[in-house]
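Read through the structure below, which is laid out as structure tokens, and then see the notes.
What you are looking at is a predicted structure, and each value in this text was computed from that prediction instead of being measured. All heavy atoms count here, side chains included; hydrogens, waters and symmetry mates do not. Note that ligands are numbered from 1 as they come in the structure, with each ligand's atoms numbered from 1 the same way. Sequence positions, counted from 1, serve as the residue numbers for this chain.
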Amino acid sequence: MLFFGTGKGGDKSGKEKLTLKDVAELIWKKECQRIVVMVGAGLSTPSGIPDFRSPGSGLYSNLQQYNIPYPEAIFELHYFFHNPKPFFMLSKELYPGNYRPNYAHYFLRLLFDKGLLLRLYTQNIDGLERVAGIPPDKLVEAHGTFATATCTVCRRSYPGEDFRGDVMAEKIPKCPVCTGIVKPDIVFFGEELPHRFFLHVTDFPMADLLFIIGTSLEVEPFASLAGAVRSSVPRVLINRDLVGPFAYQPQQNDVAELGDVISGVERVVEFLGWKEELQELIKKEKEKLDAKDK
Ligand code: CNA
């Protein structure tokens, strides 16, 4: 029998299934202190950024405005060189500064503050993990970032910030040296993942807990990382639906907290007794961002 949820339950082997409360206890008792986290677009939908695949609200259901032949075209190099406009329209939307981190981002920041975060692997390109104060060396931005950009002709690298004005004015950014189109360092289909992605080779075998938050686990090679932790390591999925190995090959130590990301994270925080601390952190960070926006 499969058992997912927060109550105690057994399986065929008679062993008790792990619950969210058990996992919180493991963290609390410092039995888990090398936590790896994998996240996707569902982490940022509460910040107001649509994901790809949620029916109705996802970008794939709302691509008419970009006028592209099929959804994936927006991240295809071949199409980009034919027509870079749709990608830059999306970039304008996602460029750092437009959105703010939410409760779940700050939970991950708190894991870092407490020295418990081994690494955060994100598929997101909105940069909200950085805005939440998680330092770049704790991050693997597997699908790239707007923080830097590269000329598609001479390969010179630039800070993404240099082209904010162009992107906001809906102008295609051009290399100041060779006039080639400058593309933010977002990984397109068929492009290599950033070198940092290969940190997984050492991070995942070392992890003693894996959180997977807000992802459909449909994009490879990222998705396969869910199976890269040792089999004894608890894996916690916080997502609207059951995905990846949680659906087709669940393990004894898997916990699935199904529903809204924020409610799921709130439950973890509650079990950990970190509620006040997290609220205090969010308040402080909000004040900092407000001051910056003035
Ligand atoms: P996806 O395939 O769109 O899946 C998102 C998952 O999150 C789905 O399972 C949803 O059910 C779930 N979800 C969405 N909102 C919530 C919520 N509030 N509570 C609980 N669950 C929720 O996105 P993936 O990240 O899995 O796919 C990888 C793509 C998406 C990457 O290449 C990203 O670059 C790309 N993407 C990124 C962003 C961003 O940076 N914010 C936005 C849209 C797409």
Exercise. Using modelled atom types only, decide if a donor and an acceptor are shared between the side chain of Arg235 and the backbone of Ala226 within a distance under 3.5 Å.
Key: yes
Quiz item: Is the His200 ring parallel, tilted or perpendicular to the Phe204 ring (thresholds 30°, 60°)?
Solution: perpendicular
Practice problem: Give the numbers and elements of all ligand 1 atoms closer than 4.0 Å to a heavy atom of Gly40. | Solution: 25 (O)
Quiz item: So which protein heavy atom does atom 19 (N) of ligand 1 come closest to, and at what separation?
Solution: Val261 N, 2.8 Å
Practice problem: Mark yes or no for whether Lys138, through its side chain, and Phe112, through its backbone, hold a donor-acceptor pair below 3.5 Å. | Solution: no
Quiz prompt | Protein heavy atom at shortest distance from atom 32 (O) of ligand 1 | solution = His143 ND1, 2.7 Å
Quiz item: Side chain of Asp208, backbone of Arg34: donor and acceptor closer than 3.5 Å?
Solution: yes
Quiz item: What is the nearest protein non-hydrogen atom to atom 43 (C) of ligand 1, stated with its residue, atom name and distance?
Solution: Pro50 O, 3.3 Å
Quiz prompt | Numbered atoms of ligand 1 (with element) below 4.0 Å of Asp260, judged on heavy atoms | solution = 17 (C), 18 (N), 19 (N), 20 (C)
Self-check item: Side-chain donor-acceptor pair present, Thr148, Asp185, cut-off under 3.5 Å
Solution: yes
Self-check item: ligand 1 contact by Gly259, heavy-atom criterion under 4.0 angstrom
Solution: yes
Quiz item: Taking both backbone and side-chain atoms of Ile49, is any N or O found less than 3.5 Å from an N or O belonging to ligand 1?
Solution: no
Quiz item: Between Lys288 and Glu285, is there a salt bridge with N-O shorter than 4.0 Å?
Solution: yes
Quiz item: What residues form a ring pair (Phe, Tyr, Trp, His ring centres under 6.0 Å) with His195, not counting sequence neighbours?
Solution: none
Self-check item: Shortest reach to atom 12 (C) of ligand 1 by a heavy atom, considering only Leu128, Asn239, Asp126, Ile262
Solution: Asn239
Quiz item: Taking the inter-plane angle between the rings of Tyr121 and Phe197 on a 0 to 90° scale, is it parallel (under 30°), tilted (30 to 60°) or perpendicular (over 60°)?
Solution: perpendicular
Exercise. Taking only Lys NZ, Arg NE, NH1 and NH2, and the carboxylate oxygens of Asp or Glu, determine whether Asp260 and Arg267 approach each other closer than 4.0 Å.
Key: no
Quiz item: Is a donor on one side and an acceptor on the other found under 3.5 Å between the side chain of Glu257 and the backbone of Asn239?
Solution: no
Quiz prompt | Within reach of ligand 1, part of Thr45 (heavy-atom separation under 4.0 Å) | solution = side chain
Quiz item: What residue and atom, counting heavy atoms only, is the protein's closest point to atom 27 (O) of ligand 1, and at what distance?
Solution: Arg53 NH1, 3.5 Å
Quiz item: Any idea which atoms of ligand 1 are less than 4.0 Å away from a heavy-atom of Gly214?
Solution: 5 (C), 6 (C), 7 (O)
Self-check item: Candidate with minimal heavy-atom separation from atom 10 (C) of ligand 1, of Asp51, Leu242, Val39, Asn102
Solution: Asp51
Quiz item: So which bit of Val219 gets within less than 4.0 Å of ligand 1, heavy atoms only: side chain, backbone, both or neither?
Solution: side chain
Exercise. Give the residue and atom name of whichever protein heavy atom lies nearest to atom 40 (O) of ligand 1, and the separation in Å to one decimal.
Key: Ile125 N, 2.7 Å
Self-check item: Closest protein heavy atom (residue, atom, distance) for atom 13 (N) of ligand 1
Solution: Gly42 CA, 3.7 Å
Quiz prompt | Any donor-acceptor N/O pair, Lys174 side chain to Val182 backbone, under 3.5 Å | solution = no
Practice problem: May I ask you to check if ligand 1 and Ala41 share an N or O to N or O distance below 3.5 Å? | Solution: yes
Quiz item: Of the listed options (Glu129, Arg240, Glu257), which comes nearest to atom 17 (C) of ligand 1 when hydrogens are ignored and any heavy atom counts?
Solution: Arg240
Quiz item: Is Arg109 paired with Asp113 through a side-chain N to carboxylate O contact shorter than 4.0 Å?
Solution: yes
Self-check item: Any N/O pair Glu218/ligand 1 closer than 3.5 Å
Solution: no
Quiz item: Taking only heavy atoms of Asp241, which atoms of ligand 1 are found under 4.0 Å from at least one of them?
Solution: 9 (O), 11 (O)
Could you pull out every donor-acceptor pair under 3.5 Å between side chains of residues 79-89 and any protein atom, sequence neighbours left out?
unit_1	atom_1	unit_2	atom_2	d
Tyr79	OH	Asn83	ND2	3.3
Asn83	OD1	Lys85	N	3.2

Self-check item: Any Gly144 heavy atom less than 4.0 Å to ligand 1
Solution: no
Quiz item: Can you tell me the protein heavy atom closest to atom 26 (O) of ligand 1 and the distance?
Solution: Thr215 OG1, 2.7 Å
Quiz item: So which protein heavy atom does atom 33 (C) of ligand 1 come closest to, and at what separation?
Solution: Gln123 O, 3.0 Å
